[in-house]
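Presented below is the structure to which this report refers.
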Amino acid sequence: MKLVWHIFKKDAYRLRWILALWLALPAVQMIYVGLAPLPSPEQKNVVEVIRYFFVLLTLIQAVVSYLLVMSLIDDDLLAGNQAFWPTRPISGRQLLEAKLLGVVLLWLAPVAVMAPWWLAHGYGWHEMGKAAGGVVLTQAFVTLWALPLAALSPKSGVFLVLTGVGMVTPFVGLAAAVLSPDVAPGVQESRGYLGAALWLATVVGVTAHQFMTRRTLRSAGLLVGGWVGIFCVMCWWQWDFASKITWSHESPLAANLTLQPQSARVAALHPGLASAGVFTLKMQLSGLPEPYAAVIDSAKHTIAWGAQIDTLSSDQTAWTSEYGWVAWAMALNGKPDGPMGELRSGAAIKASMLMERLLREAPAYSGVLRGRIVRPVVVADLPVRTGASMQRSGYGVRVESVQPMDTGGFSAVVKVFSADAEPVGIMPWTDEYRSSVANREYYFLINRRLGRIEALFASQPVLLGSVGTLGVYWQRFTIGAIDDECRLVKVVFRPVDIFRRTITSPRLEIVPSKN
Amino acid sequence: MNPIEIRQLTRRYGRLEAVHDLSLDVPGGSICALLGPNGAGKTTTLKVLLNLLPPTRGEARVLGVDSRKLSPSELRQIGYVSESQQQPDWMTVRQFLDYCRPFYPTWDLALEKTLLARFDLPPERKLKHLSRGMRVKAILLSVLAFRPKVLVLDEPFSGLDPVVREDVTSGLLETAQAGDWTVLLASHDIEEVERLADRVALLEAGQVWLDETVESLLKRFRRVEVDLQEGPAQMDALPETWLKFERAGSRVTFVDSRYSREATEPACRARFPEAAVTARPMTLREIYIALARRERKSGEAAA
């Protein structure tokens with residue numbers, strides 16, 4: 001272990017400057033967001049520029065962390081026959097361990113840089129763990145993608161070529177899977193799981209094999225085999241095991257939840273010819289006690305008229321529209337003038353033909369829906385007054401300015417930071433703190449005197465640098481005078497459980513939509 | 001068991017056979033030089049020995065272990081210097097030695113300091129900023145300092161000026177006196193080989209065609225000069241051991257590869273009765289050139 005540490009220290013020392021520069025990128029973002037005043041609503045362009053600049057910085061961070069993996073291997077090449085280390089008393093296992101320490105450094109260093117920021121803003125352990133987990137997962141994805149390719153490359157040019165090839169193959173498979181029309185949702189989900197598992201196995205297998213044997217051709221064969229395997233799985237795997245996975249960890253709260261489709265409204269997106277339609281599915285939700293609510297995160301739907309080929313499917317993410325309703329877009333497949341029996345992928349169909357058929361013959365519906373059970377929590381309650389602020393674990397709000405407007409409403413700038421959100425996106429620190437922070441619907445203005453509650457709609461929510469600070473501006477507001485009776489309330493919906501439901505209805509009532 | 005044993009080694013690069021059925025033993029304590037033209041298979045043989053390349057057929061054993069199974073415990077006793085090998089060029093000489101030191105329990109700090117001073121290496125200069133000669137000396141120092149049992153050198157003198165070459169050779173000789181080691185050296189620099197090696201193996205087209213001690217070679221090879229002085233000369237049916245036979249005016253010269261005063265002089269008298277015969281010793285370089293030309297001619301004839 002002493003020698004493993006010795007090699008690791010050598011690598012860390014060699015890459016110290018580029019590591020420092022790499023870590024400076026998020027540090028700069030945090031310092032800017034922490035110190036710089038928020039632009040006013042009139043400075044919309046400035047906000048946009050800053051936002052794009054931060055997105056650019058984030059992309060650079062991702063690319064640099066990818067290239068850092070190559071640099072890590074570059075000093076102790078595994079391909080070719082001119083490397084320094086094989087002629088020294090260093091085993092492949094020791095070298096692998098040292099390089100993995102380097103990779104773990106790439107996972108944890110950004111967390112270490114961001115931790116002071118999190119602590120300074122009152123993040124609790126739970127929130128810090130969540131935020132750190134997101135950063136680590138993103139870094140792990142980027143670095144593990146690079147690791148086997150770096151291990152097979154005798155020089156950086158080869159690494160870049162392999163990167164190109166490596167990007168194309170699985171994504172072609174993924175695209176093929178997404179575009180394949182007649183696959184049941186469970187099968188597609190199974191393909192995703194299996195593809196991800198194969199990818200991970202390929203990464204681990206190729207890397208370990210190359211480090212232990214330095215047989216580059218054989219390792220490259222393993223890599224190609226893995227890629228071909230992923231491609232085949234994404235295109236042709238037919239067995240649905242995802243639906244059979246039991247969700248044993250569901251709490252009684254989720255176990256009592258039932259969803260039942262009742263009816264659907266349907267509208268073609270394009271009159272005349274339709275390549276897509278919008279269904280608004282009325283779903284009855286029951287079994288959840290107050291104040292819990294259910295949020296659908298993803299859904300895969302199938303509408304069928306029979307056991308044969310007349311099937312429409314969609315894996316569009318569903319979203320809540322009104323109480324009890326789930327709206328979703330559905331791709332339609334077919335020829336413009338062909339009969340419904342010739343529905344095929346990639347072509348448009350006459351909207352009227354589809355509408356008629358839907359209204360004439362109520363189809364069967366099946367869907368796999370996934371979501372979260374959430375509990376609304378008031379995280380901020382403060383007067384609408386310049387300088388008013390509050391802070392609690394993982395969340396803080398400050399009213400930067402309140403200005404009356406000619407229209408009778410007011411303009412306010414509110415600075416918000418929060419850890420109460422899920423990490424999303426594959427790039428490091430991109431949109432780390434989204435959802436309820438940026439969601440306009442979850443800000444409320446309460447006027448206790450008038451006894452009214454009204455949702456506020458932020459006109460320009462800006463996530464600056466994705467480090468948890470947000471500018472929110474209201475430019476119009478018309479529920480009365482701003483006085484001490486008015487309170488700004490922020491509600492977040494904390495996830496308390498997840499659920500997954502496969503629901504079927506042999507006959508779905510279709511209601512014509514006015515649109 | 002010899003520290004280095006190569007048995008029927010073949011190594012192919014695609015369709016090209018770089019080493020063909022090569023066998024060679026290097027006895028313990030000897031310094032063996034691999035000599036041969038470019039492309040003879042010297043570097044490939046050394047790379048197979050160090051497990052930088054796997055053999056296509058046959059095997060190479062170092063310290064009794066198959067080269068494909070060399071572990072850190074054997075590599076702690078094996079030193080390898082090659083001018084084409086990748087080095088951590090971003091390190092200074094001091095950092096390089098500090099990095100190498102912990103891998104070797106036998107590292108001799110005093111010897112490191114001695115060689116550092118002797119080679120006149122600037123400790124704070126990066127390897128990539130060193131001249132070619134300085135770089136070779138730094139690598140050699142990192143290898144000599146742990147007193148390896150087996151030392152493998154691939155073209156260590158290539159491109160070095162005479163002073164640096166002298167430094168490297170002296171460093172090797174001094175260290176050799178202090179320990180019992182086995183050296184396998186591939187080089188074109190025959191003068192340095194002659195100073196260092198006690199054994200040479202000549203390679204041509206991936207095969208060893210001569211493997212002999214330097215002492216024996218120097219003993220049996222002589223340049224013979226015959227002054228005919230207008231006497232009779234019998235030029236037919238010359239012995240096969242007479243190489244590079246040339247006549248210029250009244251003077252005949254050749255290299256006798258089996259020289260002995262008792263045999264060579266009577267053979268000369270039989271062919272050149274009134275001639276004056278003188279034989280003088282040859283350098284390893286002269287012997288190598290004579291042998292290499294003969295080998296090339298016989299190769300061409302065979303082709």
Side-chain angles (χ1 to χ4, degrees), chain A residues 1-19 68 70-99 102 150 153-156 158 209-221, chain B residues 11 13-14 18 43-44 46-54 62-63 67-92 95-96 98-107 126-128 138-139 142-143 145-146 148 150-154:
Chain A
M1 194 60 205
K2 199 173 153 192
L3 292 178
V4 171
W5 186 246
H6 182 61
I7 300 168
F8 166 73
K9 279 195 300 185
K10 181 263 293 181
D11 286 331
Y13 181 79
R14 184 170 72 94
L15 299 174
R16 63 193 184 285
W17 294 117
I18 192 162
L19 273 171
L68 270 169
M70 176 66 219
S71 304
L72 195 65
I73 304 292
D74 189 43
D75 208 35
D76 299 294
L77 285 174
L78 294 138
N81 55 41
Q82 295 181 340
F84 166 77
W85 71 271
T87 62
R88 302 283 174 169
I90 303 169
S91 68
R93 186 181 55 80
Q94 285 172 322
L95 191 72
L96 176 60
E97 286 170 2
K99 299 299 173 184
S153 305
K155 51 181 83 168
S156 50
V158 177
H209 182 266
Q210 180 66 355
F211 270 87
M212 304 310 276
T213 67
R214 285 187 288 122
R215 305 294 288 269
T216 305
L217 272 180
R218 233 164 42 182
S219 301
Chain B
R11 167 70 205 189
Y13 297 102
T43 296
T44 299
L46 299 190
K47 285 193 168 178
V48 171
L49 270 177
L50 267 291
N51 194 25
L52 290 169
L53 287 171
V62 187
L63 296 169
S67 64
R68 283 165 295 189
K69 294 175 182 164
L70 286 175
S71 68
S73 62
E74 285 86 42
L75 288 165
R76 276 185 208 112
Q77 306 170 67
I78 302 171
Y80 176 66
V81 177
S82 165
E83 53 116 10
S84 66
Q85 197 192 17
Q86 184 201 31
Q87 302 292 337
D89 284 342
W90 57 274
M91 289 184 188
T92 63
Q95 285 168 342
F96 180 54
D98 288 347
Y99 179 62
C100 292
R101 199 178 302 120
F103 293 112
Y104 300 97
T106 55
W107 189 279
K126 288 184 175 175
L127 293 186
K128 65 181 170 190
I139 300 165
S142 77
V143 165
F146 64 86
V150 171
L151 180 60
V152 179
L153 306 168
D154 187 6

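Residue numbering restarts at 1 for every chain, and letters A, B, ... go by the order of the sequence lines.
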What's the verdict on side chain to side chain contact (heavy atoms under 4.5 Å, CB included) for Y80(B) and D154(B), showing C-alpha distance, side-chain angles and the deciding distance? CA-CA 8 Å; Y80(B) 176 66; D154(B) 187 6; 4.2 Å; yes

With only heavy atoms counted, which part of [X] is less than 4.5 Å from chain A, the side chain, the backbone, both or neither?
{"X": "D98(B)", "value": "backbone"}
{"X": "S142(B)", "value": "both"}
{"X": "Q95(B)", "value": "side chain"}
{"X": "S71(B)", "value": "neither"}

Run the salt-bridge test on K10(A) and D75(A) with the 4.0 Å N-O cut-off and return the result as yes or no. yes

The ring pair (Phe, Tyr, Trp, His ring centres under 6.0 Å) partners of H6(A) (sequence neighbours excluded) come to Y99(B), F103(B)

Please step through side chain to side chain contact (heavy atoms under 4.5 Å, CB included) for the pair R14(A) and L19(A), ending with a clear verdict. CA-CA 9 Å; R14(A) 184 170 72 94; L19(A) 273 171; over 6 Å; no

Is it possible for you to check whether R214(A) lies under 6.0 Å from the centre of the six-membered ring of F211(A), through NZ or CZ, and within 45° of that ring's axis? no

Mind checking which of residues 76-86 of chain A sit less than 4.5 Å from chain B, heavy atom to heavy atom?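 Listed by number: L77(A), N81(A), Q82(A), A83(A), F84(A), P86(A).
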
Is there a side chain to side chain contact (heavy atoms under 4.5 Å, CB included) between L50(B) and I78(B) once you walk through the steps? CA-CA 9 Å; L50(B) 267 291; I78(B) 302 171; 4.1 Å; yes

Locate the shortest heavy-atom distance separating L70(B) from L49(B); write the atom from each residue and the value.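 Heavy-atom minimum between the residues: CD1-O, 3.5 Å.
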
Side chain to side chain contact (heavy atoms under 4.5 Å, CB included) for E74(B) and V62(B)? Distances and angles first, verdict last. CA-CA 8 Å; E74(B) 285 86 42; V62(B) 187; over 6 Å; no

